[in-house]
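Basis for what follows: all heavy atoms, side chains included, without hydrogens, waters or symmetry-related copies. Naming: A, B, ... by sequence-line order, numbering from 1 per chain.
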Amino acid sequence: MKVATFNANSLRSRLHIVLPWVGANQPDILCIQETKVQDHEFPIDVIAETGYQTIFCGEKKYNGVAILSRCELNDIVFGLDDEPKDPARLICARLESTWILNTYIPQGRARDSEMFAYKLRWFERLKIFLNRRFTPTDRILWMGDFNVARDERDVYDPKRLWGHVCYCQEVQDVLQDLMDWGFIDLFRQFCEEPGHYTFWDYRMPRALQQNLGWRLDYIMATQSVAIKAMACQIDTKARAFEKPSDHTFLVAEFDF
DNA sequence: ATGGTCGGCAACCGA
């Protein structure tokens, strides 16, 4: 079993990346965030040609999540509970006995903004979502763009960037609270080193070449799945495109 | 803490 996550920043404008990548890497599951496409315009057909079926939940201009799968997905849920207005940040589905949870967590804009309060609340409501459906002994893979750097190893300049909406105490605390529920950060299980990133801001010239990045994307696993993990890696090669996304693929492999 | 540059989509918003 191989799973991956990728923030596309518009799926339709990154099909030249996504389609060859799934063809070459053959993941069982690919979770995508920021599809930026309404459901009636979703490119189902070109994806189906690669042998993948897709579930998706999008809206105009912003957000949007999708899961590509080679096997049948069941028990599909779109969005957090009690928020029919904003469903395009979460998809959850079951693949046999394993739950796949794909989230695009709010970025937060500025720490004194309403969007930052919304971000913190979003994590709390995700915990309610989990408690309603699951227990920590269930097999769950929670992945996506979390917009949180967990510690100083996860940003290129920890001193200068401390206080950013993606790298401050409040967001680290709410993510840690969810991890305490029962999730293991698979990338960190295999790599303790600083400087391994999944996002390089393309407003910053040559950010990738200088490795001025952030680790904002995660594959989290409950214990029963984490013990089956054989590898978790960031595919930095996938950034070598003429029109890259500013995120890259994060991949995990399991012996089931 | 910012700026920068993208994508969507037609004037800015969000990242």
Only pairs under 3.5 Å count here: list side-chain donor-acceptor contacts from residues 71-78 of chain A, not counting sequence neighbours, and write none if there are none.
residue: A/Asp75; atom: OD2; partner: A/Arg94; partner atom: NE; Å: 2.7
residue: A/Asp75; atom: OD2; partner: A/Arg94; partner atom: NH2; Å: 3.2

### Task
Provide, to the nearest angstrom, the distance between the CH2 atom belonging to A/Trp200 and the C1' atom belonging to B/dG4.
18 Å
### Message
Without decimals, in angstroms, what is the distance between A/Lys60 NZ and B/dG7 P?
### Response
19 Å
### Task
Look at the aromatic rings of A/Phe241 and A/His16 and report parallel, tilted or perpendicular, splitting at 30° and 60°.
perpendicular
### Query
Which part of the nucleic acid does A/Arg111 contact within heavy-atom distance under 4.0 Å: base, sugar-phosphate only, or nothing?
nothing
### Task
Determine the interatomic distance between P on B/dC9 and the same-named atom on B/dC13; round to the nearest Å.
16 Å
### Query
Using atom P of each nucleotide, how far apart are B/dT5 and B/dA1 to the nearest Å?
23 Å
Listed pairs, N/O of protein and of nucleotides 11-15 of chain B, under 3.5 Å:
residue: B/dG14; atom: OP1; partner: A/Arg109; partner atom: NH2; Å: 3.1
residue: B/dG14; atom: OP2; partner: A/Arg109; partner atom: NH1; Å: 3.4
residue: B/dG14; atom: OP2; partner: A/Arg109; partner atom: NH2; Å: 3.0
residue: B/dG14; atom: O5'; partner: A/Arg109; partner atom: NH2; Å: 3.3

### Task
In whole angstrom, give the distance that lies between atom CG of A/Leu161 and atom P of B/dG4.
17 Å
### Task
Sequence neighbours left out, what passes side-chain contact (heavy atoms from CB on, under 4.5 Å) with A/Glu49? Give chain and number order.
none
#### Entry: With sequence neighbours excluded, residues passing side-chain contact (heavy atoms from CB on, under 4.5 Å) with A/Glu114
A/Ala117, A/Arg121
### Message
Show me the pairs that pass side-chain hydrogen bond (donor to acceptor under 3.5 Å, both in side chains) and involve residues 228-243 of chain A, at least two apart or across chains.
### Response
A/Trp21-A/Asp235
### Query
With rounding to whole Å, what would you report as the distance between B/dC6 and B/dA10 at their C1' atoms?
16 Å
### Task
Go through the structure and list residues passing side-chain contact (heavy atoms from CB on, under 4.5 Å) with A/Gln189, not counting sequence neighbours.
A/Ile184, A/Leu186, A/Ala226, A/Ala229
### Query
Among all residues two or more places apart in sequence or in another chain, which pass the side-chain hydrogen bond (donor to acceptor under 3.5 Å, both in side chains) test with A/Tyr52?
none
### Message
Assuming nearest nucleotide by heavy-atom distance, tell me which of A/Lys243 and A/Met204 is located more 5' along DNA chain B.
### Response
A/Met204
#### Entry: Integer angstrom distance from the C1' of B/dG14 to that of B/dG4
15 Å
### Query
Taking DNA chain B as the partner, which of residues 37-45 of chain A come within under 4.0 angstrom of it by heavy atom?
none
### Query
Given side chains that start at C-beta, do those of A/Ile32 and A/Leu68 come closer than 4.5 Å, heavy atoms only?
yes
### Query
For the pair made of OH in A/Tyr156 and P in B/dG3, what is the distance, rounded to whole Å?
13 Å
### Query
Over how many whole Å does the gap from A/Leu212 atom CG to B/dG4 atom C1' extend?
12 Å
### Query
What residues form a side-chain contact (heavy atoms from CB on, under 4.5 Å) with A/Asp201, not counting sequence neighbours?
A/Phe199, A/Arg203
